[in-house]
2 protein chains.
Amino acid sequence: MADLSKKTVERLCVYHRELLELENEGTDHIFSHQLAKRAGVSPVQLRHDIMGIGYSGSPARGYEISEMLKSIAKQLLSTKQQNVAIVGIGNLGRAIMAYFHGRRENIRIIAGFDSDLQKINRTISGCYCYSMNDIERICKYHKIKAAIIAVPEREAQDIAEKLSQAGIRGIMNFAPVRLVLPDSIYVENLDMALTLEKVAYFARQ
Amino acid sequence: MADLSKKTVERLCVYHRELLELENEGTDHIFSHQLAKRAGVSPVQLRHDIMGIGYSGSPARGYEISEMLKSIAKQLLSTKQQNVAIVGIGNLGRAIMAYFHGRRENIRIIAGFDSDLQKINRTISGCYCYSMNDIERICKYHKIKAAIIAVPEREAQDIAEKLSQAGIRGIMNFAPVRLVLPDSIYVENLDMALTLEKVAYFARQ
DNA sequence: ATATTACTGTTAAATAAATAACAACGTTAA
DNA sequence: TTAACGTTGTTATTTATTTAACAGTAATAT
């Protein structure tokens with residue numbers, strides 16, 4: 001398995017999604033410039049990315065969607081279902097859970113954690129909720145390798161360290177803080193306040 | 001005003017936030033390596049970024065926090081309050097509104113839009129909600145230049161075009177689609193499904 | 001005074017990413 | 001059969017971003 005860059009992985013996910021949609025529409029082949037347009041990238045970049053995963057299309061018919069999907073999935077997606085945990089079941093946490101609930105993907109949020117007793121031992125959006133104290137036990141038991149942090153700013157660093165203890169390797173962090181963690185843990189920040197500032201900045205230019 | 005890269009703007013926002021927090025704690029000076037650690041970047045990169053905005057610290061005392069804040073704000077933040085709209089007041093939309101409500105920033109969500117009559121003409125998290133049909137009128141009236149899209153996938157492109165019509169220049173898009181818009185409109189995608197896939201991928205490596 | 005230290009600002013090098021250029025190939029039309 | 005076309009895959013070029021190197025500077029200690 002080649003080592004794909006962060007940006008490439010991101011784009012491959014986009015292609016994968018667009019290809020799934022195309023497949024549903026009944027399309028079986030597509031040219032790079034068509035797919036590129038849907039994905040919002042240049043055709044060259046798309047071909048370059050596809051080169052990286054070892055799939056080849058035909059100059060005559062373009063890419064065969066089902067085959068391309070297989071190739072991308074082979075690189076990106078785990079063969080078995082991947083379990084994810086979420087910490088923090090407030091407004092945002094529940095919205096995220098609802099967002100992912102029902103998607104028939106191979107990534108599923110299967111455990112929630114909160115300190116609020118009202119939420120513990122309930123099922124929310126198809127996901128069972130535990131006490132914060134159970135993080136390590138449950139994550140290890142379910143072999144959870146990725147987690148979502150949706151707790152307030154002040155708790156985020158502490159939770160991140162707990163998750164790290166529990167063997168988590170990747171974190172999607174919604175809290176507006178830069179988590180300080182070992183480099184071996186992959187962190188993706190979805191910092192809404194920050195992003196909105198950035199958007200506002202470029203909207204003014 | 002210099003032309004700062006996307007990445008630089010993003011990091012400057014982080015520095016700004018950390019500096020605000022430091023100021024609240026009563027600190028008045030800080031060295032690049034200290035701030036860099038809090039921001040999760042290298043000290044060199046921080047100094048490089050700061051160079052770009054024309055502020056200078058002292059080799060002896062480091063950066064003077066209040067002055068540095070002013071310099072960053074001068075580059076990044078609008079002098080007057082910047083109004084933002086949100087389209088789509090579902091679970092996610094309301095969570096976003098709640099998230100931003102009460103933050104004493106100069107960016108404020110002041111208008112919500114939805115097609116659900118139940119939500120129209122109500123105030124949610126301090127933000128008045130209008131019908132989708134009012135997008136152009138309200139955005140122009142309040143000089144709104146940035147918007148958040150939190151509608152389902154299938155509506156996103158249509159809404160984006162409406163916003164574009166209404167004079168919006170920047171969009172924070174939560175819908176899992178790549179919006180096709182003129183280059184003059186800045187789009188930042190916060191694609192949770194995609195991001196989680198990416199995190200899951202790197203968590204496996 | 002003067003050397004030392006610990007920092008900053010800036011230029012230079014290295015790395016990463018995007019774009020362009022073009023050969024190779026199957027298909028179609030003459 | 002052969003030439004022309006439009007596409008892919010790949011290598012080269014350019015551009016952007018990060019990292020390193022180092023001179024300049026104020027404070028401190030000798």
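Per chain, numbering begins at 1; letters A, B, ... match sequence-line order.
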Asks: Please check if the side chain of B:Asp114 supplies one atom and the backbone of B:Asp116 the other of a donor-acceptor pair under 3.5 Å.
Replies: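 A pair under 3.5 Å: yes.
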Asks: Less than 4.5 Å apart, side chain to side chain, heavy atoms only: is that true for B:Thr8 and B:Arg11?
Replies: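 Yes; the side chains approach each other to less than 4.5 Å.
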Asks: Between B:Lys70 and B:Gln75, is there a side-chain heavy-atom distance shorter than 4.5 Å?
Replies: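 B:Gln75 vs B:Lys70: side chains apart.
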Asks: Is the phosphate of C:dA16, meaning OP1 or OP2, less than 4.0 Å from a side-chain N or O of A:Ser5?
Replies: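 So the side chain of A:Ser5 is outside the cut-off, no N or O lying under 4.0 Å from OP1 or OP2 of C:dA16.
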Asks: Using chain B heavy atoms and a threshold of under 4.0 Å, write down where along DNA chain D the contacts begin and end, 5' to 3'.
Replies: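 From 5' to 3', the first and last contacting nucleotides are D:dT17 to D:dA27.
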Asks: Quick one: do B:Arg17 and A:Asp191 make a salt bridge, cutoff under 4.0 Å?
Replies: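 Salt bridge present between B:Arg17 and A:Asp191.
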Asks: With side chain to side chain donor-acceptor pair (under 3.5 Å) as the test, would you mind laying out the steps for A:Gln165 and A:Glu161 before giving the verdict?
Replies: CA-CA 6 Å; A:Gln165 283 293 320; A:Glu161 287 166 18; over 6 Å; no
Asks: What residues, two or more places apart in sequence or in another chain, satisfy salt bridge (charged side-chain N to carboxylate O under 4.0 Å, His left out) together with A:Glu18?
Replies: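 Listed in chain order: A:Arg38.
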Asks: Got a sec, which residues hit salt bridge (charged side-chain N to carboxylate O under 4.0 Å, His left out) with A:Lys7, two or more places apart in sequence or on another chain?
Replies: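 For A:Lys7, no residue satisfies salt bridge (charged side-chain N to carboxylate O under 4.0 Å, His left out) once neighbours in sequence are set aside.
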Asks: Please list, in numerical order, the residues of residues 55-68 of chain B that have a heavy atom closer than 4.0 Å to any atom of DNA chain C.
Replies: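 Close to the strand are B:Tyr55, B:Ser56, B:Gly57, B:Ser58, B:Pro59, B:Tyr63.
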Asks: For residues 82-100 of chain A, tabulate all N or O donor-acceptor pairs below 3.5 Å that involve a side-chain atom, not counting sequence neighbours.
Replies:
residue, atom, partner, partner atom, Å
A:Gln82, OE1, B:Arg204, NH1, 2.6
A:Gln82, NE2, B:Ala200, O, 3.4
A:Asn83, OD1, A:Gln81, NE2, 2.8
A:Asn83, ND2, A:His142, O, 3.3
A:Asn91, OD1, A:Arg94, NH2, 3.4
A:Arg94, NH1, A:Ile89, O, 3.1

Asks: When you match B:His33 and A:Lys7 each to their closest nucleotide on DNA chain C, which lands nearer the 5' end?
Replies: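 With B:His33 and A:Lys7 compared, the 5'-side residue is B:His33.
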Asks: Within residues 40-51 of chain B, which residues have any heavy atom lying less than 4.0 Å from an atom of DNA chain D?
Replies: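 Contacting residues: B:Ser42, B:Val44, B:Gln45, B:His48.
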Asks: Going through the checks in order, is the side-chain contact (heavy atoms from CB on, under 4.5 Å) test met by A:Ile149 and A:Met172?
Replies: CA-CA 6 Å; A:Ile149 292 183; A:Met172 176 150 103; over 6 Å; no
Asks: In this structure, how many angstroms lie between the P atom of C:dA18 and the NZ atom of B:Lys6, rounded?
Replies: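 Computing the B:Lys6:NZ to C:dA18:P distance gives 10 Å.
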Asks: Evaluate the side-chain proximity of B:Phe113 to B:Ile138: yes if any heavy-atom separation is below 4.5 Å, no if none is.
Replies: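 Sidechains of B:Phe113 and B:Ile138: in contact.
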